[in-house]
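Note sheet for the following structure.
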Protein chains: 2
Amino acid sequence: MKLSGGVEWAVHCCVVLSQAEGPVPTQRLAEFHGISRTYLAKHLQQLSRAGLVTSTEGRVGGYLLTRPGDEITVLDVVQAIEGREPAFRCTEIRQNGPLPASPQVCQRPCGVNRVMQLAEQAWRESLRAVTIADLAAGVLQDAGPQTFDRVREWLAT
Amino acid sequence: MKLSGGVEWAVHCCVVLSQAEGPVPTQRLAEFHGISRTYLAKHLQQLSRAGLVTSTEGRVGGYLLTRPGDEITVLDVVQAIEGREPAFRCTEIRQNGPLPASPQVCQRPCGVNRVMQLAEQAWRESLRAVTIADLAAGVLQDAGPQTFDRVREWLAT
DNA sequence: AATTCGTGGATGACAAGTATCCGCGTTAGT
DNA sequence: ACTAACGCGGATACTTGTCATCCACGAATT
Ligand code: SF4
Ligand code: SF4
């Protein structure tokens with residue numbers, strides 16, 4: 001079980017975008033984080049499709065958050081990148097073999113499946129409890145109060 | 001993010017083993033679930049290495065649970081198959097780019113990482129709360145009280 | 001018209017998961 | 001002693017998913 005590496009990129013980008021004053025192009029975002037521009041573009045498009053971000057095309061275009069940072073949860077970002085498919089996918093092996101479960105028993109998910117989905121639910125709730133704004137506040141806490149001033153300054157270059 | 005399909009197999013096997021009277025060979029377990037014998041063998045070996053299961057070699061050998069079903073959690077099984085690596089792995093991109101985080105700031109994990117690990121923790125706790133015995137009880141509930149009698153009967157064939 | 005930018009498709013490199021096979025050592029029955 | 005049933009580990013191959021790049025296109029600014 002492994003999360004896509006793009007999740008890390010996307011979260012960081014959202015934090016930066018939450019502090020930006022205008023549209024930020026992919027080029028800038030990639031440069032800032034020292035990562036691949038072309039590949040990051042793919043992830044930003046996923047954020048766009050998920051409705052977390054709007055894009056303005058053409059020159060001086062780029063990406064903007066559609067909502068303020070405190071209305072975007074980490075879960076939103078993770079699901080935009082990872083998709084909404086559950087990590088545990090049952091293949092219904094209980095229907096195989098010499099003692100298959102009867103069709104009516106299989107109407108509803110079994111205990112195994114329930115436990116797994118419940119655990120993923122707990123995971124999602126935990127991610128839902130934190131917003132991009134919370135993370136931005138954490139950065140300020142860790143790296144100093146003028147951090148985002150410097151970021152904005154560099155972005156304006 | 002996807003869990004190995006072997007998790008489903010392993011959990012089912014543990015439930016069966018918790019109801020078995022003697023060592024159950026891979027052949028039987030695979031047949032019972034209608035799955036690949038050779039591949040299941042790999043997963044059972046992982047359970048063995050994790051200490052959830054003991055193997056007796058030679059004829060009339062097979063696998064036995066090392067502890068009663070109520071002392072084996074679903075988390076134990078999942079981790080035996082999936083490993084204990086966290087799903088979110090930070091690549092420290094904050095150290096890249098024109099405004100890298102200072103080394104002393106990077107001493108401890110950032111907010112992003114903390115949130116992710118916390119969520120995984122919640123996931124694990126949720127899985128830890130359920131035991132193989134709980135699942136076995138669920139099967140009894142869903143499929144009828146004599147279900148395991150039939151299983152034992154078939155196993156003895 | 002030239003430049004900057006997002007979009008989507010095609011493509012390839014690489015890692016991980018899935019699955020099979022074989023040779024080996026072990027054990028119980030004959 | 002011999003054989004059959006079993007677990008163990010390595011080697012191998014197939015499939016899928018992740019990671020990454022490139023390009024042609026349309027849109028907007030200068
Ligand atoms: S018993 Fe549960 S985990 Fe097993 S095959 Fe059925 S739904 Fe899937
Ligand atoms: S800020 Fe957090 S998520 Fe980002 S690179 Fe550092 S540890 Fe990883």
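Throughout, protein chains are lettered first and strands after them, A, B, ... in sequence-line order, and every chain is numbered starting at 1.
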Verify the contact: side-chain N or O of A:Thr56 to OP1 or OP2 of D:dA27, cut-off strictly under 4.0 Å; return yes or no.
no
Show me the protein contacts with nucleotides 10-13 of chain D, counting only N or O atoms at under 3.5 Å.
from, atom 1, to, atom 2, distance (Å)
D:dG10, N7, B:Lys42, NZ, 3.4
D:dG10, O6, B:Lys42, NZ, 2.5

Quick one: is D:dC8 close enough that its OP1 or OP2 comes under 4.0 Å of any side-chain N or O from B:Ser48?
yes
Could you give the CZ-to-P distance, from B:Arg28 to D:dC6, as a whole number of Å?
8 Å
Would you indicate, yes or no, if D:dC8 has its OP1 or OP2 atom less than 4.0 angstrom from a side-chain nitrogen or oxygen of B:Arg49?
no
Going by atom types alone, do B:Gln107 and B:Gln104 pair a side-chain donor with an acceptor below 3.5 Å?
no
Tell me the closest heavy-atom pair linking A:Tyr63 and A:Ser55, and the distance in Å.
CE2-CB, 3.7 Å
Could you tell me the separation between the CE atom of B:Met1 and the P atom of C:dA15, rounded to a whole number of Å?
23 Å
Of A:Glu57 and A:Glu82, whose closest DNA chain D nucleotide lies nearer the 5' terminus?
A:Glu82
Does any part of the side chain of B:Trp123, heavy atoms only, come nearer than 4.5 Å to the side chain of A:Met1, both counted from C-beta?
yes
Side chain to side chain contact (heavy atoms under 4.5 Å, CB included) for A:Leu65 and A:Leu52? Distances and angles first, verdict last.
CA-CA 6 Å; A:Leu65 291 189; A:Leu52 300 180; 5.7 Å; no
Between B:Trp9 and A:Ala41, which has a closest nucleotide on DNA chain C that is more 5'?
A:Ala41
Between D:dG9 (P) and B:Leu44 (CG): distance, integer Å:
13 Å
ILVMFWY cluster, A:Leu127 and A:Leu118 together (side-chain gap under 4.5 Å):
no
Which nucleotide in the set D:dT29, C:dC5, D:dC8 lies at the smallest distance from any side-chain heavy atom of A:Pro25?
C:dC5
Is there a side-chain contact between B:Ser36 and the phosphate of C:dT18, meaning an N or O under 4.0 Å from OP1 or OP2?
no
Rounded to whole angstroms, how far apart are CD1 on A:Ile81 and P on D:dG17?
18 Å
Is the shortest side-chain N/O distance from A:Thr38 to OP1 or OP2 of D:dT21 below 4.0 Å?
yes
Could you tell me which non-hydrogen atom of B:Leu155 sits nearest to which non-hydrogen atom of B:Val24, and how far apart they are?
CD2-CG2, 4.2 Å
Can you name the nearest heavy-atom pair linking A:Pro23 to A:Pro25, along with the distance?
O-CD, 3.8 Å
Between C1' on C:dG9 and CD on A:Gln45, what's the gap in Å once rounded to a whole number?
10 Å
Side-chain atoms of A:Arg59 come closest, of D:dT30, D:dA20, C:dT7, to D:dT30
Quick one: is A:Tyr39 getting a side-chain N or O under 4.0 Å of the D:dT21 phosphate, OP1 or OP2?
no
OP1, OP2 of C:dG6 versus side-chain N and O of A:Thr26: anything below 4.0 Å?
yes
Find the distance A:Arg37:CZ to D:dT21:C1' and express it as a whole number of Å.
10 Å
Quick one: A:His43 NE2 to D:dT18 P, roughly how many Å, whole number?
10 Å
Taking atom CZ of B:Arg108 as the centre, does the number of heavy atoms from other residues, nucleotides or ligands within less than 6.0 Å exceed 12?
no
In whole angstrom, what separates A:Leu3's CG from D:dC19's C1'?
15 Å
